[in-house]
2 protein chains.
Amino acid sequence: MAVRRRQETMEENREKLISAGRKAFGSQGFAASSMDEMTASVGLTRGALYHNFGDKKGLLAAVVARVDGEMVARAQAASADAGDEWEQLLAEGAAYIAMALDPEVRRIVLLDGPAFLGDPSHWPSQNACLEATKQVVGKLIADGVMKPVDIDAAARLLCGAALNAALWVADSDDPKSALPKAVDAFSLMAEGFLVEKR
Amino acid sequence: MAVRRRQETMEENREKLISAGRKAFGSQGFAASSMDEMTASVGLTRGALYHNFGDKKGLLAAVVARVDGEMVARAQAASADAGDEWEQLLAEGAAYIAMALDPEVRRIVLLDGPAFLGDPSHWPSQNACLEATKQVVGKLIADGVMKPVDIDAAARLLCGAALNAALWVADSDDPKSALPKAVDAFSLMAEGFLVEKR
DNA sequence: AACTTGACATACGCCGTGTATCTGATTTTT
DNA sequence: AAAAATCAGATACACGGCGTATGTCAAGTT
């Protein structure tokens with residue numbers, strides 16, 4: 001068998017660590033996750049962790065970037081076949097709400113991320129969700145569909161509202177019945193930005 | 001000198017710990033705060049902490065309740081002389097945004113609170129801000145000013161939007177100029193709930 | 001084949017939490 | 001009022017986690 005290249009195995013190990021870190025952070029939270037256990041679960045030691053990611057927070061950042069990236073992909077897929085751009089925005093919002101029902105997303109991206117890495121708008125991953133929302137908001141304002149508000153502010157509020165709605169749904173007594181209520185309230189509130197009601 | 005009563009000094013010590021905990025959590029964050037240092041800063045030891053609050057999280061809960069209570073008081077004061085109830089809601093929102101610019105409020109109530117104590121809607125303090133918002137929303141829907149949405153969902157979204165806006169302002173490059181934009185966007189978005197625009 | 005590199009392991013020191021035990025002052029009891 | 005009980009808080013200890021310094025051996029280089 002051909003000798004394994006160095007970079008290959010390193011890439012594999014990074015992958016293992018990100019994946020295991022995601023599981024650990026997602027299930028126990030960042031603070032309570034032991035890096036000894038986490039690395040052992042994939043047959044490595046903390047040596048690999050500190051070599052690849054610098055420290056525990058470094059791994060969290062990598063995991064956040066990963067999950068964040070997946071979210072944006074899913075949101076764009078969900079809004080792909082929306083009628084117009086306004087409906088696209090609403091579809092993305094609804095998609096974020098649905099995604100944030102995933103416990104991993106909630107804990108890692110919505111709770112521990114901001115608490116341990118600082119505000120999402122300054123993440124190295126640039127918080128892809130925010131970026132995507134800004135794009136759409138910019139277009140909608142240019143087209144005169146949305147009122148002329150600050151793009152950053154509007155995007156942040158819309159994105160934040162969607163994720164906040166998800167937190168509410170997830171922690172409500174009956175998530176199943178809360179979900180439509182949340183989507184409903186979100187859509188309604190978003191309409192505040194519209195020039196003319198629909 | 002009269003002998004000090006037991007309960008008095010205990011109450012004083014609890015007060016010292018809450019106050020010192022607030023400073024520590026607010027400046028360094030919950031995870032990075034050493035309880036040895038914190039207790040020593042008010043001339044006590046961790047013995048007092050564990051006796052009074054059970055554990056580190058117990059103190060956080062007490063601190064959160066304290067700050068949360070102050071927030072509601074300030075919000076109600078801000079909305080006291082609002083014209084009608086809708087304006088009261090907006091005033092409360094603006095007040096929340098302004099308050100969350102306080103670093104202590106941000107870190108303790110908005111970041112570490114949810115991350116370490118769970119969702120605000122389940123806090124022992126009941127999250128007074130949410131409760132207050134629900135009150136007003138309930139009235140506005142009954143009066144036909146707001147559209148008939150789920151009260152809990154609407155309150156959560158409004159409250160969340162205000163606090164989220166504040167997080168954005170605080171972490172923006174130029175908070176001073178961001179604040180009015182945030183308040184503006186918040187008010188606009190809130191109007192989505194109105195039956196007829198103003 | 002000798003040498004260098006570097007990815008990861010091993011070993012160590014430090015710090016922080018939580019708990020078990022102790023102590024002395026305030027209450028209570030008689 | 002003296003003895004007994006209580007209890008707020010201090011002291012001491014055990015355990016575990018993080019980060020770093022150092023070691024090691026396979027992959028790559030010359």
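What you see below is based on every heavy atom in this structure, not just the backbone, and it leaves out hydrogens, waters and symmetry mates. Per chain, numbering begins at 1; letters A, B, ... match sequence-line order.
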Rounding to an integer number of Å, can you tell me how far A:Gln7 CD sits from C:dC8 C1'?
16 Å

Could you encode protein contacts along nucleotides 10-23 of chain D as a string, one character per nucleotide from 5' to 3', using B for base contact, S for sugar-phosphate-only contact and - for no contact, with a heavy-atom cut-off of under 4.0 Å?
BB-----SBBB---

Evaluate whether atom CG of B:Asp173 has more than 12 neighbouring non-hydrogen atoms of other residues, nucleotides or ligands under 6.0 angstrom away.
no

Would you say B:Ser34 and B:Asp36 are linked by a side-chain donor-acceptor pair, where the criterion is simply a distance under 3.5 Å?
no

Considering the options B:Asp171, B:Asp102, B:Asp112, which one meets the salt bridge (Lys or Arg N to Asp or Glu O under 4.0 Å) requirement together with B:Arg107?
B:Asp112

Going through the checks in order, is the salt bridge (Lys or Arg N to Asp or Glu O under 4.0 Å) test met by A:Arg156 and A:Asp119?
CA-CA 11 Å; A:Arg156 173 67 177 242; A:Asp119 196 74; 2.9 Å; yes

Please report, rounded to the nearest Å, how far the P atom of C:dT26 is from the CD atom of B:Glu11.
18 Å

Phosphate oxygens OP1/OP2 of D:dA8: is one of them under 4.0 Å from a side-chain N or O of B:Asn52?
no

Specify the separation, in whole Å, of atom CG of A:Asn13 and atom P of D:dA26.
16 Å

Would you call the rings of A:Phe30 and A:Phe116 parallel, tilted or perpendicular if under 30° counts as parallel and over 60° as perpendicular?
tilted

Separation of atom CD in B:Glu15 from atom P in D:dG9, rounded to whole Å:
13 Å

Compare side-chain N and O positions of A:His51 against OP1 and OP2 of C:dA7 and report whether any pair is under 4.0 Å apart.
yes

Can you tell me how far apart CG (A:Leu17) and CE (A:Met38) are? Round to the nearest 0.5 Å.
4.5 Å

How many whole angstroms separate atom CD of B:Glu8 from atom C1' of C:dT27?
14 Å

Could you state the CE-C1' distance from B:Met10 to C:dT27, rounded to the nearest angstrom?
15 Å

